[in-house]
Amino acid sequence: MTDEAQASPEPLPPLTAIPADLQSLADYERRAEAHLAPHVWRHIQSGAGAELSLAANRAQYDRRRLVPRALADMRGATSDVDLFGLRHAAPILLAPVAYHRLAHPQGELATINAATALDTTMVVSTLSSIPLEDIAEAARAAARELRKPAPPPLWFQLYVQPDREHTAELVRRAEIAGYQVLVFTVDASAKRAGFALPPGVEAANLRHWPGVTQDSRPADGRILLGTPLLDAAPTWQDLAWLRTLTRLPIVVKGLLSPDDARTAREQGADAIIVSNHGGRVLDGLAAPLDMLPAMAEAVDGALPLLLDGGIRHGTDVLKALALGASAVLVGRPQIHALAVAGMQGVAHMLHILRAELELAMAQTGRPTLSAIDESLLF
Ligand SMILES: Cc1cc2nc3c(=O)[nH]c(=O)nc-3n(C[C@H](O)[C@H](O)[C@H](O)COP(=O)(O)O)c2cc1C
């Protein structure tokens with residue numbers, strides 16, 4: 001065997017049963033590396049630059065501590081949360097993550113089946129490797145099979161396309177397919193793809209528009225400023241335009257600035273996801289949790305704030321809610337779980353996180369999300 005082959009063994013196939021030693025999201029993360037090709041593992045795990053943003057996303061939780069409360073009456077307790085009049089069983093959603101087929105042959109179909117079984121909303125990415133219509137249909141089929149009245153609310157994440165007609169078509173397709181919430185990601189428009197997709201994995205929603213996902217690097221010495229990539233990037237006008245295009249609630253994903261939060265509110269956003277894109281776009285950014293109190297002050301209770309980046313424990317969810325989040329999203333852990341054990345893995349990962357949140361609510365004496373406030377932080 002050559003050195004190279006030794007360094008890059010074939011990834012292990014997904015497990016068909018969950019071993020007893022998988023008990024936390026960290027366990028899934030540790031296992032996942034062996035189930036992914038090395039370049040895919042690096043692509044998923046990595047952050048921008050020296051990974052300061054990525055590290056800050058974990059540190060923001062690790063340095064905060066909880067104060068337990070004893071003997072609270074927990075009868076009738078629930079983690080239900082209402083967003084835009086839609087019931088969500090817990091304040092935990094699956095963040096939009098591109099190309100689930102990088103991690104598992106069934107890709108987003110495995111994830112949506114797990115999410116439906118666990119009453120969890122999956123935010124489907126524009127860059128899904130299965131068409132958005134098929135994912136929505138799979139959610140409804142899974143709900144029927146599980147004898148649930150309906151799948152959990154369906155959310156679609158939008159990357160504005162260089163050709164705005166294509167953007168409008170994506171929105172229309174999402175509406176027709178039954179998506180109930182639109183997430184407009186605003187923090188990654190200047191980032192080049194930088195990752196070659198392996199054969200068999202594609203941007204399934206964009207396949208009829210050749211070229212739109214490819215990089216166009218000008219040969220005239222310009223780097224980013226003044227290039228078509230940046231010239232075509234969305235602006236606040238696109239939010240106002242989207243507002244005229246759809247009646248779905250619009251969630252702006254990727255804000256950290258209170259000024260931007262105010263603008264988003266003025267331009268008709270229905271919610272904001274406070275996020276630094278999992279530390280993947282620009283290094284040295286503030287951590288979302290550290291910005292949350294100022295963001296909450298800026299929107300003054302007028303819109304719900306969601307948050308993502310570094311959520312790995314139920315206590316992280318509780319800490320985010322204590323500082324003003326209405327719900328959180330998890331990104332990388334769904335890919336870890338998918339790679340390790342497909343649908344079963346994702347379902348188990350969601351169960352672990354939910355169970356940890358419920359334990360944390362019980363131990364801090366908070367029977368409902370509205371009872372969670374800053375006083376539970378030391
Ligand atoms: C591999 C990968 C792909 C991603 N793809 C998208 C995407 O298509 N759209 C989007 O809005 N965010 C995308 N994100 C960002 C996530 O939605 C989320 O903000 C981030 O992963 C949260 O941090 P966490 O991974 O620490 O939970 C991606 C993140 C990762 C790790």
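Both counts, for ligands and for their atoms, begin at 1 and track the order of listing.
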**Study point:** Shortest reach to atom 24 (P) of ligand 1 by a heavy atom, considering only Arg58, Arg332, Gln45, His277
**Key:**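 Checking each option, the heavy atom nearest atom 24 (P) of ligand 1 is found in Arg332.
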Review point. Just going by heavy-atom distances, which of Pro96, Gly278, Gly254 is nearest to atom 14 (N) of ligand 1?
Key: Pro96
Only heavy atoms of [X], strictly under 4.0 Å: list the atoms of ligand 1 that pass.
{"X": "Gly331", "value": "21 (O), 24 (P), 25 (O), 27 (O)"}
{"X": "Gly309", "value": "22 (C), 23 (O), 26 (O)"}
{"X": "Ser275", "value": "19 (O)"}
{"X": "Lys253", "value": "10 (C), 11 (O), 12 (N), 15 (C), 16 (C), 17 (O), 18 (C), 19 (O)"}
{"X": "Thr185", "value": "10 (C), 11 (O)"}
{"X": "Asp308", "value": "18 (C), 19 (O), 22 (C)"}
{"X": "Ser125", "value": "7 (C), 8 (O)"}
{"X": "Arg280", "value": "1 (C), 2 (C), 29 (C), 30 (C), 31 (C)"}

Exercise for review: Applying salt bridge (Lys or Arg N to Asp or Glu O under 4.0 Å), run through Arg332 and Glu33 and close with a yes or a no.
Suggested key: CA-CA 12 Å; Arg332 293 175 183 87; Glu33 183 168 8; over 6 Å; no
Polar proximity ligand 1 side, [X] side, N/O cut 3.5 Å exclusive:
{"X": "His43", "answer": "no"}
{"X": "Gly310", "answer": "yes"}
{"X": "Val97", "answer": "no"}

Residue pair [X] / [Y], side-chain donor-acceptor N/O under 3.5 Å:
{"X": "Gln157", "Y": "Ser125", "value": "yes"}
{"X": "Ser257", "Y": "Asp259", "value": "no"}
{"X": "Ser53", "Y": "Asn276", "value": "no"}
{"X": "Thr111", "Y": "Gln334", "value": "no"}
{"X": "Ser129", "Y": "Glu202", "value": "no"}
{"X": "Thr167", "Y": "Gln161", "value": "no"}
{"X": "His336", "Y": "Gln45", "value": "yes"}

Check your understanding: Taking the side chain from Arg101 and the backbone from Gly200, do they hold a donor-acceptor pair closer than 3.5 Å?
Key ->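 Looks like yes, one N/O pair under 3.5 Å.
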Point to revise | Sub-4.0 Å heavy-atom contact, Ile44 with ligand 1 | key: yes
Below 4.0 Å, non-hydrogen atoms only: which portion of [X] touches ligand 1? Side chain, backbone, both or neither.
{"X": "Tyr159", "result": "side chain"}
{"X": "Ala98", "result": "both"}
{"X": "Arg312", "result": "side chain"}

Exercise for review: Identify whether the distance between the nearest side-chain nitrogen and carboxylate oxygen of Glu266 and Arg243 falls below 4.0 Å.
Suggested key: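 No.
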Check your understanding: Got a salt bridge between Arg280 and Asp187, using NZ or NE/NH1/NH2 to carboxylate O under 4.0 Å?
Key -> no
